[in-house]
Amino acid sequence: MITVSRNSLGEPVFHLRAGGASYILTVFHGFLLHLYCGAAISDDDPEWLLVRVGHDSVVPRPASTPEGWFSLDIAPLEYPAYGTGDYRPSAVMLRSLGGNVTPGSAATALCYVSHEIVRGKPVPEADRQPAVYASPDEADTLIVTAEDPADGVRVRLYYIVLRALPVFCRRAVIENSSPAPAELERAYSASLDFTGLSRPAELLHLWGTWGRERHIERTPLCHGTVSVSSRRGASSHHHNPFAALVEDTTTEDSGLAVGVSLIYSGNFEILCDTDPFGSIRLLAGIDPTDFRWRLEPGETFVTPEAVIAVSDEGLGKMSHAFHRLFREHLCRGEWRDRERPVLVNNWEATYFRFDSEKLLAIAKDAADCGIEMLVMDDGWFGERNDDRSSLGDWFVNEEKLPGGLAPLVERVNALGLRFGIWFEPEMISPKSKLFEAHPDWVLSTAGRERSIARSQYVLDLTRADVRDYIVDAVSSILSSANIEYVKWDFNRNLTEAASASLPAERQGEIFHRYVLGLYDVLERITAAHPRLLLEGCSSGGGRYDPAMLYYSPQFWTSDDTDAMERLDIQLGTSMVYPPSSMSCHVSASPNHQTGRETSFVTRGHVAMGGAFGYELDLTMLTDEEKSLVKRQIADYHRYYALINRGDFHRLILPDDRVNSKSGRAAAWMVVSEDKSEALVTFVVIRTSIHPVYFLRLRGLDPAALYEDGEGHAYRGDSLMRAGLNLTKNYRDGESVVIHLTRRDA
Ligand code: GLA
């Protein structure tokens with residue numbers, strides 16, 4: 001709901017209410033000020049929150065504002081512009097190339113012009129970037145227009161309220177309404193100024209690298225800037241486009257957590273800047289390092305969308321808001337809600353050494369065990385026998401697959417399995433027919449050596465001809481056989497990011513144009529193949545971001561399939577992303593990445609944390625292991641709805657101290673929406689002598705009686721306050737799964 005009232009100056013105040021949260025902004029002497037973002041409050045105009053401090057000589061003020069204390073340098077601004085007295089990091093910076101102001105200057109002051117409230121969620125400027133979708137019954141949108149008549153920049157700020165969720169979406173549309181061209185040098189999606197937090201603030205974010213994605217880190221804010229970003233051309237393994245502002249006392253179930261997630265797959269930055277008066281500015285958007293966007297007169301730039309999820313009951317509630325939003329308002333297509341097939345992928349089974357017969361042997365065992373899909377990974381095309389050639393040559397290697405794809409797929413289908421395939425369409429190997437024909441299709445800087453990574457270059461997706469080639473190449477393979485799934489990989493980052501097809505003044509647009517090009521390709525392929533299940537991948541989870549979930553409802557979480565390593569990765573990922581989006585496979589032991597041995601049972605328990613499958617040579621399994629596979633698949637079907645649609649609760653993170661002191665463990669649970677059942681997973685990472693474990697559960701009905709299937713029954717409040725007594729002499733890597741069902745009186 002959005003209400004508009006008038007403040008003491010007679011200017012509008014906007015109160016956005018969503019799922020127990022409030023967001024309030026006001027016009028103040030023409031400027032757009034931020035008053036509040038947090039748990040719902042009832043006052044419409046908490047103007048007393050404005051801070052009136054600062055010394056005149058260091059905080060300049062707009063000459064035309066009557067209030068002596070008012071300065072853009074201390075005011076909480078909704079969309080701060082650079083160059084007119086706010087020295088904090090700005091959301092927008094525009095360099096005018098002519099017109100009324102000094103050509104080449106960059107100074108903007110944005111003042112309110114008008115506003116409009118729309119039912120539903122309009123798409124600005126027919127924009128085609130991934131964004132949250134909602135029906136007119138589910139959302140309201142406030143559009144505030146502000147402008148600077150001097151340099152001719154007009155900004156439309158979109159605020160989207162999802163009525164049922166504590167979520168606000170924001171984006172900006174920046175228009176050059178002057179008669180001369182201009183260049184955008186910064187264009188963030190959202191800015192949030194916090195004043196008066198009652199506790200010291202921290203930034204919670206997800207860091208990582210290859211094989212170690214999305215580990216949770218909390219860092220205290222300092223005076224100055226703390227930021228996370230990517231300048232790799234992809235959202236990256238290193239930082240995820242997510243961060244939450246929390247208090248130092250915030251836990252899973254108490255305290256403030258304001259999370260910001262950027263729906264974007266390219267270079268991004270999320271920063272927190274703390275000023276001397278304790279105000280904190282949080283900015284989220286495209287990283288400005290190598291970003292420059294030219295706007296001809298009348299042209300607009302639409303930023304990616306940022307999602308803000310608000311909780312005053314800790315991190316769990318924030319995660320629930322993101323999970324539901326992404327599951328129900330971002331993922332699309334037939335597979336959004338359909339039960340995903342249990343698959344076996346041959347990568348860790350065979351790497352590049354396979355042929356039709358080997359794949360069929362795996363498929364046969366897969367069918368016997370109840371697996372539903374075979375995925376043929378890298379190595380099926382061109383002359384690809386290792387990772388040094390053939391990317392771009394998307395035709396079947398008939399030495400490995402005699403007769404092409406169709407006969408293989410038919411035989412796999414005849415065994416009762418679906419068939420899926422791996423692609424890495426954005427890449428080109430220097431050793432490929434495609435490179436011989438089109439060396440200019442590579443992103444590269446003339447006169448400079450091309451950096452190489454995994455023996456490959458990146459195709460120039462800013463070019464329409466390159467995008468057409470990718471769409472045609474992928475489509476012709478997809479229509480050559482009954483292919484029902486694609487794993488879309490992206491295994492290196494961008495370097496020397498320049499395009500032979502763009503003029504000098506547009507080379508600063510490459511990184512963003514690349515991402516827009518990728519969206520275009522994915523949109524065309526998913527629209528042409530609506531039944532396809534697309535799984536995203538980027539050397540594991542190097543592009544696991546909300547924009548990719550718009551096209552692919554699941555993502556390969558990490559190339560590290562070690563169950564113990566996956567605990568940090570999957571629990572970190574759960575901070576923002578729903579279990580239904582996390583692809584998790586049982587792989588061989590000893591594990592190929594770490595050499596660690598883990599039992600088949602525990603590998604299954606951990607992989608059951610998301611979209612479940614196998615990544616090993618089934619033909620090598622013992623009969624006992626095969627019967628475990630059958631049992632795991634039966635469990636997967638039994639608990640599918642619970643795991644994929646229930647509320648996910650982190651109970652113990654691998655770094656938490658648990659009550660046995662010397663041991664280490666991890667635990668999580670999912671609870672059905674009606675609280676009638678729950679699935680609890682507890683994994684001992686490192687045991688100790690006589691460890692004592694009490695596991696306090698979350699999210700249950702306190703008054704209900706829950707049965708554990710072993711003849712015990714417990715009250716919900718006892719399970720949540722006293723905890724389950726899981727004390728036992730565990731071995732390293734041992735795990736327990738408990739299914740609780742409510743006994744209905
Ligand atoms: C990447 C993926 C792996 C596998 C290989 C194939 O590393 O993350 O799962 O597909 O590529 O080359």
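In what follows, every heavy atom counts, from backbone to side chain, and hydrogens, waters and symmetry copies are set aside. Atoms within a ligand are numbered from 1 in the order they appear, just like the ligands themselves.
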Note to self: What does the 4.0 Å heavy-atom contact list look like for ligand 1?
What the structure shows: W347, D377, D378, W422, R454, K487, D489, N491, C537, S539, G540, W556, D559
Check: Can you check whether S587's main-chain N or O pairs, donor with acceptor, with H592's side chain at less than 3.5 Å?
Finding: no
Next item on the list: May I ask you to check whether over 12 heavy atoms, not counting those of R450, lie within 6.0 Å of atom CZ?
Entry: yes
Checklist line | Name of the residue among R543, R467, R492 meeting salt bridge (charged side-chain N to carboxylate O under 4.0 Å, His left out) with E426 | finding: R543
Notebook entry, point to check: Among R603, R596, R214, which residue meets the salt bridge (charged side-chain N to carboxylate O under 4.0 Å, His left out) test with E565?
Noted result: R596
Checklist line | Sequence neighbours excluded - salt bridge (charged side-chain N to carboxylate O under 4.0 Å, His left out) pairs with any residue from residues 402-420 | finding: E357-R411, R418-E484
Margin query: Does atom CD (E383) have a neighbourhood of more than 12 heavy atoms from anything else shown, all under 6.0 Å?
Written below: no
